[in-house]
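The structure presented is a predicted model; accordingly, all values stated were derived computationally and were not measured.
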Amino acid sequence: VTLVESGGDSVQAGGSLTLSCAVSGLTGTYYSMGWFRQAPGKGREGVAAIGPDGSTGYSGSVKGRFAISQDSAKNTLFLQMNSLNPEDTAKYYCAADPEGAIYCWGGHCYAGEHSYYGQGTQVTVSS
C-alpha cells in the first residue's frame with residue numbers, strides 16, 4: 001500500500017487548504033481511510049475518517065471546519081480545511097486500514113494496529 005500526500009502549504013489564519021492523498025495497492029472493499037496530524041512536540045491526533053460505506057467522522061477540534069472525501073474510484077482521498085487557525089499547524093498524514101479500523105467516535109478519531117500511513121505534508125497557519 002502506498003499513500004502520497006500533497007497540498008500542504010503556509011497560510012494565514014482564516015484561510016483554506018485542500019490536502020490530497022494518492023492511494024495505490026489497496027485491495028478489497030472493507031477498508032477505511034482517514035487523516036491524522038502531528039504537531040511539534042505532540043502525539044499523533046486523528047482528524048477525520050471515512051468508512052467503506054462513505055460515512056464520515058471528525059474530531060471535535062475540526063468538526064464543522066474540515067471535510068473528508070474521496071473520488072469515485074477511491075484512488076484519491078481529500079481533506080478540505082476551512083477557517084484554519086494556528087492550532088491546526090502540523091504535519092498531516094493520510095492513513096488507510098484494510099480491516100476498516102480507522103474511525104471516529106466521541107469526538108476522537110482512531111487508527112488500527114495495522115494501518116498504513118503516508119509520509120505526510122506540512123500545514124503551517126500563521127496568525
Side-chain angles (χ1 to χ4, degrees):
V1 177
T2 303
L3 307 169
V4 180
E5 302 93 337
S6 61
D9 204 347
S10 296
V11 296
Q12 290 194 327
S16 299
L17 276 177
T18 299
L19 304 183
S20 299
C21 173
V23 182
S24 61
L26 195 60
T27 60
T29 57
Y30 195 73
Y31 60 85
S32 55
M33 299 194 67
W35 289 94
F36 293 75
R37 67 186 181 185
Q38 188 164 17
K42 295 187 177 182
R44 187 172 290 179
E45 173 194 15
V47 172
I50 186 165
D53 61 353
S55 59
T56 59
Y58 300 90
S59 67
S61 61
V62 308
K63 191 172 183 178
R65 300 189 298 124
F66 290 12
I68 187 171
S69 63
Q70 58 190 22
D71 66 352
S72 57
K74 297 186 177 181
N75 291 329
T76 308
L77 184 72
F78 302 98
L79 184 68
Q80 173 68 44
M81 305 186 294
N82 300 320
S83 302
L84 286 162
N85 59 62
E87 289 70 40
D88 296 316
T89 294
K91 196 165 189 178
Y92 283 71
Y93 299 87
C94 172
D97 193 295
E99 299 174 351
I102 295 173
Y103 66 98
C104 299
W105 182 259
H108 299 279
C109 301
Y110 304 91
E113 183 179 343
H114 303 295
S115 295
Y116 296 92
Y117 293 90
Q119 294 301 304
T121 186
Q122 180 67 36
V123 173
T124 302
V125 185
S126 58
S127 58

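Contact detail for R37 and A90: the closest heavy-atom pair is CB-CB, 3.8 Å. For S127 against A13, the heavy-atom pair with the smallest separation is CA-CB, 4.2 Å. Here the closest heavy-atom approach between residue A48 and residue C109 is recorded as N-SG, 3.8 Å. When every heavy atom of S16 is checked against every heavy atom of S83, the shortest pair comes out as OG-N, 4.3 Å. Residue S32 comes nearest to G51 through the heavy atom pair CB-CA, 4.1 Å, listed as atom of the first residue, atom of the second, then distance.
Between the side chains of S126 and Q12, not a single donor N or O lies within less than 3.5 Å of an accepting N or O. Checked by atom type, the side-chain pair S61/E45 shows a donor-acceptor distance below 3.5 Å.
In this structure, D71 contributes its side chain and T76 its backbone to a donor-acceptor pair below 3.5 Å. At least one donor-acceptor pair closer than 3.5 Å links the side chain of E5 to the backbone N or O of Q119.
If you chain together ILVMFWY residues whose side-chain heavy atoms come under 4.5 Å of each other, Y92 ends up grouped with V1, L3, V11, L17, L19, V23, L26, Y31, M33, W35, V47, I50, Y58, V62, F66, I68, L77, L79, M81, L84, Y116, V123, V125.
By the 4.5 Å heavy-atom criterion applied to side chains, T121 and S6 are not counted as neighbours.
Contacts of Y117 classified as ring-ring contact (aromatic ring centres under 6.0 Å, His included), with partners at least two apart in sequence or in another chain: F36. Looking at residues two or more places apart in sequence or on another chain, you find a ring-ring contact (aromatic ring centres under 6.0 Å, His included) between Y103 and Y110.
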For T89 and Q122, run side-chain contact (heavy atoms from CB on, under 4.5 Å): C-alpha distance rounded to whole Å, both residues' side-chain angles, the deciding distance at 0.1 Å, then the answer.
CA-CA 8 Å; T89 294; Q122 180 67 36; 4.1 Å; yes

